[in-house]
Amino acid sequence: MTDLSTPSPALSIVVPCYNEEAVLGALLARVRKTCADLKMTDYEIILIDDGSQDSTARLIEDANSTDPRVRGIILSRNHGHQVALTAGLSYARGARILVLDADLQDPPELLGEMMAKMDEGYDVVYGQRMERAGETRFKKTTAHVFYRLLHGLIEIDLPTDTGDFRLMSRRVLDIFLSMPEQDRFIRGMISWIGLRQTAVQYNRDARFAGETKYPLKRMLRLAVDAFTGFSIKPLRIATYTGFFMAFCSVLLGARVLYGFLSGNTVPGWTSLMLVVLIISAVQMMVIGIMGEYIGRLYMQSKSRPLFIVDRITDTAASGDQVRHAQNQKTEKTLENSST
């Protein structure tokens, strides 16, 4: 929850971090230089430690001790990138908010171009990747297929080849923070809001240091959240598949009946097992798709807090202000739970 007890800066830069000790210094240096080049002094950098196992949390605290514009949100455990980003956004106080990953694949130097676009009246300016350096052919291919397939299935206009790297206005952030879903696909949620949105195209750099925090397992999980969070078409596909298999079963039954009446029945254990396996596979697929949606409803019904903050590192705020912000966060969580 935004801390309204302290003056609001012109810009909040929100960066989720997980095991980013190797890149944190370079990240802060480039962000500060970018702001200095733009002659911008009224800004804050919010670094969210998502349960890191290295010295990321300590480095965030050290950065805050030397620069009060750096605010640290230390989460109680690893909640995942999308939830950690939500945590940082909920504490952002700026009139404009830049979302940036810690790995520096998305250049903070695009801030000036994004700010210029927003000055034209846009509410969201998102980065759209033209090239993806330092990534395997497999990842590039799967990302290409994912965005095109997602664009065809979901019921919102989601730009292709975009991540969470974007600049958004305060009113977009306030709308986003009112959305209480547990399973988050933030770029889809921002696109769902609508308003005026535009792209800034760029070539994505290779990771500055360290290892990717999005292995295949997490990419698949994000894909499932995207498909099930913004479309019921997978359920419809399951329904259509069920009707198709029922139609095939009728044809197969007619074929069997014709063979029985004409006396041309031949023992066919192999073909029978093949049919059983196909039908069983389709049934399991349909049950699995339904289970994804039911599971989301079950987790949402628990109304648990989206994240737990261990501590806030903010030398610019007094202890009373920090407690005020935490109380506001608790009240907001209870309001969302009651609704």
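- A side-chain donor from one of Glu44 and Ser12 sits under 3.5 Å from a side-chain acceptor of the other.
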Is there a side chain to side chain contact (heavy atoms under 4.5 Å, CB included) between Phe176 and Ile186 once you walk through the steps?
-> CA-CA 9 Å; Phe176 168 79; Ile186 291 177; 4.0 Å; yes
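- Partner of Cys17 under the side chain to side chain contact (heavy atoms under 4.5 Å, CB included) criterion, chosen from Val23, Leu59, Leu24: Leu24.
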Step-by-step salt bridge (charged side-chain N to carboxylate O under 4.0 Å, His left out) determination, Arg187 to Asp164 | CA-CA 6 Å; Arg187 68 202 73 167; Asp164 295 314; 3.5 Å; yes
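- Hydrophobic clustering, with ILVMFWY side chains joined whenever heavy atoms are under 4.5 angstrom apart, groups Met179 together with Phe307.
- Listed for the Asp50 side chain is a donor-acceptor partner under 3.5 Å among the backbone atoms of Gly80.
- The two residues Ser90 and Leu177 have their closest heavy-atom pair at CA-CD2, 3.8 Å.
- Here the side chains of Leu75 and Val83 are not in contact, with every heavy-atom distance at 4.5 Å or above.
- The line from OG1 of Thr198 to CD of Glu120 is 8.0 Å long, rounded to the nearest 0.5 Å.
- Asp101 and Pro16 make their closest contact through OD1-CG, 4.3 Å (heavy atoms, listed as atom of the first residue, atom of the second, distance).
- The distance from the CE atom of Met189 to the OG1 atom of Thr86 is 6.5 Å, given to the nearest 0.5 Å.
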When you look at Leu100 and Phe165, which way does the side chain to side chain contact (heavy atoms under 4.5 Å, CB included) test go after all the steps?
-> CA-CA 5 Å; Leu100 184 67; Phe165 178 43; 3.8 Å; yes
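- Inspection of the Gln53 and Asn78 side chains reveals no N or O donor paired with an N or O acceptor under 3.5 Å.
- The shortest heavy-atom contact between Met118 and Asp123 is CE-O, 3.3 Å.
- Here the CG-OH distance, from Asp49 to Tyr18, works out to 9.5 Å after rounding to the nearest 0.5 Å.
- Note: the hydrophobic cluster containing Leu85 does not contain Ile308 (ILVMFWY, side chain heavy atoms under 4.5 Å, direct or indirect links).
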For side chain to side chain contact (heavy atoms under 4.5 Å, CB included), just list the numbers for Asp67 and Arg32, CA-CA rounded to whole Å, side-chain angles, deciding distance to a tenth of an Å, and then say yes or no.
-> CA-CA 11 Å; Asp67 185 354; Arg32 287 168 178 150; 3.2 Å; yes
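- One N or O on the side chain of Ser65 and one on the backbone of Asp62 form a donor-acceptor pair closer than 3.5 Å.
- For the residue pair Leu28 and Ala63, the shortest heavy atom distance occurs at CD1-CB, 3.7 Å.
- Without hydrogens or angle criteria, Arg96 side chain to Ala10 main chain gives no donor-acceptor distance under 3.5 Å.
- Contact detail for Arg166 and Ile190: the closest heavy-atom pair is NH1-CG2, 3.8 Å.
- The CG atom of Leu11 sits 6.0 Å away from atom SG of Cys35, with the distance rounded to the nearest 0.5 Å.
- Rounded to the nearest 0.5 angstrom, Ile74 CD1 and Ile48 CD1 are separated by 9.5 Å.
- Remark: the backbone N or O of Glu20 is paired with a side-chain donor or acceptor of Thr56 at under 3.5 angstrom.
- Leu98 has its side chain out of reach of Tyr43: every pair of non-hydrogen atoms, C-beta onward, lies at least 4.5 Å apart.
- The side-chain heavy atoms of Tyr122 and Gln197, taken from C-beta on, include no pair separated by under 4.5 Å.
- We find the CD1-CZ distance between Ile46 and Arg93 to be 7.0 Å, quoted to the nearest 0.5 Å.
- When all heavy atoms of Ile97 and Ala92 are compared, the closest pair comes out as CG1-CB, 4.3 Å.
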Take Arg69 and Ile45, measure what side chain to side chain contact (heavy atoms under 4.5 Å, CB included) needs, and give me the verdict at the end.
-> CA-CA 6 Å; Arg69 290 175 299 191; Ile45 304 173; 5.6 Å; no
